[in-house]
Structure formats: C-alpha cells, structure tokens
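Presented below is the structure to which this report refers.
Each chain gets a letter, A, B and so on, in the order its sequence line appears, and its residues count up from 1.
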Amino acid sequence: MENRNENLQEENKASLNFIEQIIENDIKNGKNESSVHTRFPPEPNGYLHIGHAKSICLNFGIAEKYNGLCNLRFDDTNPTKEEVEYVDSIIEDLKWLGFDWGDRLYFASDYFDQMYNFAIELIKKGKAYVCDLSSEETSALRGTPSVPAQPSPFRDRSIEENIDLFTRMKAGEFPDGSKTLRAKISLDSPNMQMRDPAMYRIRHAHHHRTGNTWCIYPMYDWAHGLEDSIEKITHSLCTLEFENHRPLYNWYLDESEVYRPQQIEFARLNLSYTVMSKRKLLELVQEKLVNGWDDPRMPTISGMRRRGYTPESLRAFSDRIGIAKRNNVIDVAMLEHSVREDLNKRAKRVMAVLNPLKVTIKNYPEGQSEELKAVNNPEDESAGTRLIPFSGEIYIEREDFMEDAPKKFFRLAPGREVRLRYAYFITCEQVLKDESGNITELICTYDPLSKGGKSPDGRKVKGTLHWVDAKQNIEAQVRIYDRLFTIPNPDSNEEKGFKELLNPDSLSIIEKAYIEPSVDGADALSYYQFERLGYFNVDKDSKKGAMVFNKTVGLRDSWGKPKNQ
RNA sequence: UGACCCAUGGUGUAAUUGGCAACACGUCUGUUUUUGGUGCAGAAGAGUCCAGGUUCGAGCCCUGGUGGGUCAACCA
C-alpha cells in the first residue's frame with residue numbers, strides 16, 4: 001500500500017489533472033477503502049466518437065493508474081432510441097481502442113427490477129407520486145428559474161393510491177404518456193432539475209434486451225445513480241452538462257439510503273472543423289450527407305479507424321489534450337500530429353503517383369527493365385527492404401514539374417537534374433505538349449552511374465522525386481479527405497446551421513493512381529506512407545487487383561502547396 | 001431573468017502548503033537528410049478577463065464587476 005502510493009508520487013510528479021487530485025486525496029484519506037472503480041456508461045443510440053474516446057481513456061486510464069477497475073455499462077433506459085447495432089459497434093470500438101473490462105459488461109436494463117423496488121420505497125416514504133399531467137401540462141406548470149412551479153393537482157395523492165397506480169403503470173394498464181412517476185422534491189428550487197423531476201415514463205416499446213417485459217422506463221437521473229451505486233462505483237465521471245444534476249443524483253441515492261458514489265464533471269471534447277454531438281452525426285448519416293457512421297470524414301471511432309488512425313494515436317491524443325472544466329476547442333492539428341507521430345514510426349514506405357505525368361528516359365535501353373532496392377522504413381531498420389521495378393518509362397507527380405520554375409523549386413524543370421528516389425538522377429531535356437498547350441510528357445536523360453540515387457562524382461541535386469514504373473504498377477482508387485466543415489466551430493455558428501457549413505470538397509476520389517506493385521492485395525486497414533505525399537491505408541472496399549486507399553493525413557509540408565505559390 | 005460552473009501565449013493543459021508563468025500542438029529560424037518527411041538546435045509569442053482587498057509577496061485567497069457555458073424533455 002505504502003509502496004504503491006510512493007510509486008504514484010514518483011511517476012506523477014509532473015502534474016495531475018483535477019480529477020486525479022481528488023482521487024489521490026481520497027486514496028490518502030482512505031475513502032472507499034482507498035479503492036478506485038470507474039465506469040464508461042454509453043447509451044447505445046449511436047456510434048462512439050472521438051469525444052467518447054476522451055472519456056474512455058479517462059475512465060479506463062484512471063482505473064489502471066490507481067490499480068482499480070473500470071466497468072463497461074450500457075445505459076439502455078430508452079427503448080425508442082436504442083439498438084443492438086449500436087451495442088455491437090460500441091464494443092467493437094472499445095476493443096479496438098485496446099481497453100478491457102474483464103467480465104464486467106453490464107446493462108442498466110439488468111437493474112430494472114431493483115430500480116422499481118427502490119421507487120416503491122420512495123413512494124412509501126412519501127417522496128414520489130404518480131402524476132396524470134401530460135408533458136405539455138407539466139411543462140406549463142413548471143415555472144421559470146425565478147418563478148416557482150404550480151403544484152401538480154396529483155402531488156398529494158395518498159401513498160396507497162400512488163402504489164396502486166404505479167403498480168398498474170408497470171402492469172401496462174395505461175397508455176404511453178398518460179402518467180409519470182415523479183419525485184416529490186421541490187416547487188421553487190432555483191435548480192430546475194429539482195422541481196419534481198420525472199422518474200418513470202410509460203413506453204409500450206420493445207427493448208433490445210428486455211423485450212416487452214417492461215412498459216415503464218426509468219429516467220436518466222433516477223437510473224444512473226442507482227447503476228453507479230449498485231456497481232459500487234467510487235468516482236462517477238461525466239461531462240459538464242450534468243453539473244446541475246448532481247444535487248438530484250445525490251438526493252435520489254440519499255433518499256434511497258444506498259451507497260453514494262461521487263460524481264465529478266469535466267469538459268467534453270470539441271474538435272475544430274467538426275461536430276461532436278450524436279444527434280448531429282446521426283443527421284449526417286440519415287440524410288446521407290456522409291456515407292454512413294464509418295465514413296472516414298466522420299469523427300466517429302469507426303470513421304477514424306477506417307481513415308487510418310491507429311488506436312495508439314487516439315490514446316496519445318487523449319493524453320495530450322488533458323482534463324479540465326473549461327470549455328475547449330482542440331485544434332485538429334493536435335490530432336493530426338498524434339497520428340503522424342505514430343505512423344512515422346510504423347508505416348511502411350511505398351511510392352505512389354496520384355496525379356501522373358509521363359516521363360520517358362530516352363537514353364535508357366529500349367525494352368529493358370530492372371529492379372531497384374528500396375528501404376521500407378527509415379525509422380525502423382527491422383522493416384527491411386524491397387525491390388521496385390524501373391524502366392525507361394515512368395510516372396512522376398505533375399506537381400513535381402514546373403516549366404518556369406522559381407529558384408526555390410527543388411524539383412524537375414527544363415534543364416534541371418533531380419534524383420528519382422532509389423533510382424537514378426535524371427535531367428529534363430524536352431517538354432511535350434498537346435494542341436492546347438497542356439504538358440503531356442517529359443523527355444529526360446538519366447545518368448547510369450547514379451544507380452540507387454548516389455552520384456559517383458559527388459555532385460548534389462536539390463530534389464528527390466517519387467515515381468512509379470509506367471508498366472509494372474497497379475492502378476488503384478485513392479480517396480482524399482479534407483475537413484468536413486468549412487469553419488473551425490460549425491457547432492455554434494449564429495447565422496448558419498451546421499449542415500450549411502459542410503465542406504463540398506471534403507471528399508475527392510482519384511480513380512486511377514499508380515502505385516508500386518508491392519501493395520497489391522494488402523489487407524484492409526494496412527497503413528502505408530506514400531513517400532512525400534502522406535499516410536494512406538487500405539480501405540475495406542479494397543480487393544487484390546482493385547485496391548482502394550484512404551488518405552489518413554498528409555505529411556507536414558514546409559514548402560506548402562507548390563501550385564499555389 | 002435565478003442557480004450552478006468556468007476565465008492563464010493562436011490552441012490545449014500545468015504551476016504541489018501564496019514566491020516574479022511551464023509543457024505540448026501550431027508558427028518561425030538554422031542544421032542533418034536519397035521523403036521540402038523524420039531527427040537535432042533554437043526563436044518569437046501571455047504577465048494570467050477587469051477593479052478593488054488581504055499579504056513582505058497573488059495566476060492561486062476574499063469582494064464586486066465583465067465575458068462565456070449549462071439547466072427550465074415523459075432524452076442521455
């Protein structure tokens with residue numbers, strides 16, 4: 001025990017976020033017998049997104065750091081919005097992220113009986129009543145923060161009548177919306193959450209786990225605290241919008257006379273150039289503004305996975321952004337940095353030409369070809385080498401040639417010499433054009449002595465270009481993604497709704513890119529660096545002979561976009 | 001309008017019982033380089049929303065403003 005605490009102090013000397021400070025203090029004071037037990041409680045009504053990843057890393061991370069446990073618990077209290085598809089996707093995403101909840105997979109719906117019994121107890125204490133008001137009527141009587149509520153005409157029903165009515169609600173005697181069970185707390189609390197909130201509503205709906213056994217379903221506030229209590233959660237971490245609910249969370253648990261975990265709120269993640277609410281993401285999916293939940297432009301875990309993000313990079317990102325209570329918008333550049341950092345160490349390098357320009361090397365022996373050795377990953381010697389086919393006809397990137405090139409343009413131009421990576425030095429001798437003046441082909445010469453990219457006489461070239469052999473290559477589809485929205489904060493724009501701010505150029509498809517043959521048949525999700533272009537991964541639509549790649553993120557580029565210079 | 005919460009370089013997060021603000025991303029420089037990538041070295045950029053107060057000393061404590069967020073679903 002003492003050892004553990006000392007170790008903690010050692011490794012955390014740097015700094016603790018405010019939640020860790022609270023927890024370390026609790027451990028020191030022996031609260032909950034100095035144990036830590038957290039939970040990640042998603043509602044299965046949509047796919048997980050990068051904001052959830054922050055919460056997941058927090059909850060599982062805290063548990064791991066303090067030698068505790070973290071449960072996975074589905075908060076499935078609303079059958080009209082929840083589906084097994086979402087349960088499955090959430091589990092898949094969590095596993096992919098690399099988290100483990102052992103055998104502690106729970107569902108709020110497993111506690112429905114216990115919740116019901118606690119509700120009966122509350123009624124018996126005179127702390128809850130059945131109300132016949134419609135939601136509109138209830139709302140009309142609720143008042144405002146400065147105006148007290150009008151009491152419901154049913155507020156003072158007898159305990160016997162309440163029990164009878166609630167029992168019959170459960171038995172299915174009443175139609176949807178006709179009655180609720182309400183907590184009897186306050187009519188004039190300045191905290192609106194405390195003005196006799198609903199505990200149960202009637203929904204004759206099929207639940208994905210309990211089927212038709214229930215027709216009354218608990219509200220979040222009533223259910224969530226009990227779930228935490230039943231599971232003996234020590235620290236119940238949630239986002240800021242639940243701050244006003246904490247008194248209610250405490251009230252329910254205290255009135256039920258059960259163990260009360262500590263709710264702590266932190267700020268949710270916002271990312272620039274995207275939206276982070278399940279409702280908005282659902283709209284994008286349903287209105288087919290994107291191609292499903294796992295569209296690589298989506299900030300969903302599944303979208304980012306398909307895009308080529310690694311679990312490690314997402315976890316590193318979560319660590320980097322920190323935990324606090326202040327509203328934030330994280331620069332998407334931070335996320336991009338996290339993937340580049342990870343992929344730089346791991347991605348196999350490969351050459352691909354996305355926007356091809358034919359180059360004919362006129363002094364290369366006609367009809368001949370050869371294989372040249374290339375390094376798979378300069379950051380990782382163990383990745384080895386491979387052979388790439390080369391001949392007198394190749395493609396280079398159109399952007400790598402400029403007819404009237406400025407001095408700082410370190411690439412190919414008439415009369416200039418560059419290196420073809422792992423191949424030879426070539427010099428541009430002639431530019432071929434069609435009738436309308438478009439460049440169609442370059443005629444170059446090569447220096448046979450520069451094989452492998454080294455010049456025997458020690459002469460230097462400024463530029464090194466990637467290339468692909470014109471005959472021995474594969475043709476692949478490459479999908480290029482840009483930010484989904486045109487402004488940094490589409491969530492809170494006053495003039496336009498978020499859907500009006502979608503970037504029309506967020507997806508562009510290159511039908512025929514040329515790539516060196518080694519990538520043919522690679523598994524879905526395999527990640528590569530296309531040299532000098534960026535990181536790309538194999539899409540699930542990919543097949544041997546018909547490969548499809550997604551651009552994860554470009555390389556940092558201090559030259560910028562040459563076409564704009 | 002009432003309650004609750006928040007306020008530190010462009011962005012995000014630190015500053016351990018109050019001791020002249022640190023780290024990451026971004027930006028810029030130089031250097032290395034067969035990726036205008038990576039690595040390495042370095043720089044600029046805030047005096048901590050404002051006004052008072054306590055103190056030898058305040059980003060940290062107190063008071064009052066200002067600005068922002070959340071809540072007034074039978075959603076979570």
Can you check the distance between [N] and [M], where both ends of the measurement are the [atom1] atom (answer in whole Å)?
| N | M | atom1 | result |
| --- | --- | --- | --- |
| rA58(B) | rA51(B) | P | 14 Å |
| rC62(B) | rC23(B) | C1' | 31 Å |
| rA44(B) | rA7(B) | C1' | 25 Å |
| rC74(B) | rC6(B) | C1' | 31 Å |
| rU1(B) | rA15(B) | P | 34 Å |
| rU63(B) | rU54(B) | C1' | 11 Å |
| rC49(B) | rG69(B) | C1' | 15 Å |

Residue [X], side-chain atoms from C-beta onward, closest of [options]:
| X | options | answer |
| --- | --- | --- |
| E43(A) | rG2(B), rA76(B), rG26(B) | rA76(B) |
| N78(A) | rC75(B), rG36(B), rG69(B) | rC75(B) |
| M219(A) | rG26(B), rC75(B), rG69(B) | rC75(B) |
| L555(A) | rA76(B), rG37(B), rA14(B) | rG37(B) |
| E531(A) | rC4(B), rU35(B), rG12(B) | rU35(B) |
| Q193(A) | rC75(B), rC71(B), rC25(B) | rC71(B) |
| S134(A) | rC74(B), rU13(B), rC5(B) | rC74(B) |
| P145(A) | rG36(B), rG12(B), rA72(B) | rA72(B) |
| R532(A) | rU70(B), rG36(B), rC74(B) | rG36(B) |
| R201(A) | rG12(B), rA76(B), rC71(B) | rA76(B) |

For [X] and [N], give me the distance from atom [atom1] to atom [atom2], rounded to whole Å.
| X | N | atom1 | atom2 | result |
| --- | --- | --- | --- | --- |
| Q529(A) | rU35(B) | CD | C1' | 6 Å |
| M199(A) | rC75(B) | CE | P | 15 Å |
| L133(A) | rA73(B) | CG | C1' | 15 Å |
| I330(A) | rG26(B) | CD1 | P | 14 Å |
| L335(A) | rG12(B) | CG | P | 15 Å |
| D319(A) | rU13(B) | CG | C1' | 12 Å |
| K81(A) | rA73(B) | NZ | C1' | 9 Å |
| L16(A) | rA15(B) | CG | C1' | 12 Å |

At 4.0 Å (heavy atoms only), tell me whether [X] reaches a base, stays on the sugar-phosphate, or touches nothing.
| X | value |
| --- | --- |
| R142(A) | sugar-phosphate |
| P247(A) | nothing |
| L240(A) | nothing |
| P488(A) | nothing |
| K454(A) | base |
| K462(A) | nothing |
| I323(A) | sugar-phosphate |
| S338(A) | nothing |
| V329(A) | sugar-phosphate |
| H224(A) | nothing |
| Y217(A) | nothing |

Discussion item. If the condition is side chain to side chain donor-acceptor pair (under 3.5 Å), which residues does K325(A) pass it with, not counting sequence neighbours?
Written reply: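 K325(A): side chain to side chain donor-acceptor pair (under 3.5 Å) contacts with E243(A).
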Item to complete: Starting from the 5' end of RNA chain B, give me the residue, N328(A) or P378(A), whose nearest nucleotide shows up first.
Response: N328(A)
Worksheet item: Does D75(A) or N17(A) map to a spot on RNA chain B nearer the 5' end, using the closest nucleotide for each?
Response: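 Closer to the 5' end of RNA chain B: N17(A).
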Worksheet item: OP1 or OP2 of rC75(B) less than 4.0 angstrom from a side-chain nitrogen or oxygen of T80(A), does that happen here?
Response: no
Fill in: Phosphate OP1/OP2 of rG37(B) contacted by R421(A) side-chain N/O (<4.0 Å)
no
Worksheet entry | Check: rU16(B) base within 3.5 Å donor-acceptor of Q21(A) side chain |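 Donor-acceptor pair under 3.5 Å: no.
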Worksheet item: Does any donor-acceptor pair link the side chain of R320(A) with the base of rG12(B) at a separation under 3.5 Å?
Response: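 Answer no: no donor N or O sits under 3.5 Å from an acceptor.
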Worksheet item: Are R209(A) and F107(A) in a cation-pi setup, meaning NZ or CZ lies under 6.0 angstrom from the ring centre and within 45 degrees of the ring axis?
Response: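 Positive - R209(A) is close enough to the ring of F107(A) and near enough to its axis.
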Practice prompt. Syn or anti for rA46(B), please, going by whether the chi angle lies within 90° of 0.
Written response: anti
Worksheet item: Would you call rG47(B) syn or anti, using the 90° rule around 0?
Response: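 Here rG47(B) takes the syn form, which means its glycosidic angle is within 90° of 0.
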Item to complete: Using both distances under 3.5 Å as the test, list the Watson-Crick or G-U wobble partner of rU70(B), or none.
Response: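 By the stated definition (distances under 3.5 Å), rA3(B) pairs with rU70(B).
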Worksheet item: Stacking check: are the rings of Y220(A) and rA76(B) less than 5.5 Å apart at their centres and under 30 degrees in tilt?
Response: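 No, Y220(A) does not stack on the base of rA76(B), since the centre distance and plane angle fail the 5.5 Å and 30° test.
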Discussion item. Can you list, in residue-number order, the parts of residues 182-190 of chain A that come under 4.0 Å of RNA chain B, counting heavy atoms only?
Written reply: P190(A)
Worksheet item: If every non-hydrogen atom of R411(A) is compared with every non-hydrogen atom of R416(A), which pair is closest and at what distance?
Response: O-CD, 4.2 Å
Worksheet item: Once each nucleotide of nucleotides 38-50 of chain B is scored for protein heavy atoms under 4.0 Å, what B/S/- sequence comes out, 5' to 3'?
Response: B------------
Item to complete: Look at the aromatic rings of Y528(A) and F549(A) and report parallel, tilted or perpendicular, splitting at 30° and 60°.
Response: perpendicular
Discussion item. Would you call the rings of F498(A) and F485(A) parallel, tilted or perpendicular, taking 30° and 60° as the class edges?
Written reply: tilted
Fill in: Y66(A) and E20(A): side chain donor to acceptor below 3.5 Å
no
Fill in: Check ion pair K451(A)-E370(A) (N to O, under 4.0 angstrom)
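Salt bridge between K451(A) and E370(A), a charged N being under 4.0 Å from a carboxylate O: yes.
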Practice prompt. For F242(A) and Y249(A), run ring pair (Phe, Tyr, Trp, His ring centres under 6.0 Å): C-alpha distance rounded to whole Å, both residues' side-chain angles, the deciding distance at 0.1 Å, then the answer.
Written response: CA-CA 9 Å; F242(A) 294 105; Y249(A) 180 100; 9.8 Å; no
Discussion item. Measuring only between side-chain heavy atoms, which start at C-beta, is N355(A) closer than 4.5 Å to E397(A)?
Written reply: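 Side-chain contact under 4.5 Å: yes.
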